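Position 1 is the first residue of the sequence, and the numbers go up from there. Only a predicted model underlies this, so the values are computations on that prediction, with no experimental measurement involved. Excluded from the calculations below are hydrogen atoms, water molecules and symmetry mates; all remaining heavy atoms, backbone and side chain alike, are included.
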Amino acid sequence: MQFLIQQTAAADKPVPRGLSTHILPTSATMIGVCMTVLSISHLGTGGEWHMVIDKLLAIDALVFLASALLSFISMRPNPLSTSYETRAEVVFVAGLGLLALGAVALAFMIK
């Protein structure tokens, strides 16, 4: 009888989530970071590279948005949750790479 009670108690516990619970808020924060850097970059003198960096950061914000959406979908109960979470992870890391590329480009552009 105690075994049955333990099984019932284990079934009532929430299923632990993977990285999606971390990817969603972090992706939203990174969208804000992209927008902040985009705004700050407009304080300097404009040039050809400003336009490239602006476009890169805007695309990066969309990449983080896609990561957040995939992460949100993976939290919903469905059979493909693991697949969506894996995609969210890959898209998030790609977004971090783009942001790093934009930061390096912005650093070399500043005189």
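Neither Val37 nor Val63 shares a network with the other; the hydrophobic side chains, linked directly or stepwise wherever heavy atoms of I, L, V, M, F, W or Y lie under 4.5 Å apart, form separate groups for each. Hydrophobic clustering, with ILVMFWY side chains joined whenever heavy atoms are under 4.5 angstrom apart, groups Val33 together with Ile31. Both Val52 and Leu57 sit in one connected hydrophobic cluster of ILVMFWY residues. Membership requires side-chain heavy atoms under 4.5 Å apart, directly or through other members.
Residues passing the side chain to side chain donor-acceptor pair (under 3.5 Å) test with Ser71: none are found, sequence neighbours excluded. Shown here are the side chain to side chain contact (heavy atoms under 4.5 Å, CB included) partners of Ile73, two or more places apart in sequence or in another chain: Asn78, Tyr84. Here Leu96 pairs with Met30, Phe64, Phe92 under the side chain to side chain contact (heavy atoms under 4.5 Å, CB included) rule; sequence neighbours left out.
Of the options Leu70, Ile23, Leu65, Leu69, a side chain to side chain contact (heavy atoms under 4.5 Å, CB included) to Val91 is made by Leu70 and by none of the others. Under the side chain to side chain contact (heavy atoms under 4.5 Å, CB included) rule, Cys34 has a single partner from Leu62, Asp60, Thr29, Ile59, which is Asp60.
Taking CD1 of Ile40 as the start and CG of Leu106 as the end, the distance is 9.0 Å to the nearest 0.5 Å.
In terms of modelled atom types and a separation under 3.5 Å, the side chain of Ser67 and the main chain of Ala88 share a donor-acceptor contact. The closest donor-acceptor contact from the side chain of Ser81 to the backbone of Arg76 lies under 3.5 Å.
Taking both residues in full, the closest heavy atoms of Glu85 and Ser20 are given as OE2-N, 2.9 Å, listed atom of the first, atom of the second, then distance.
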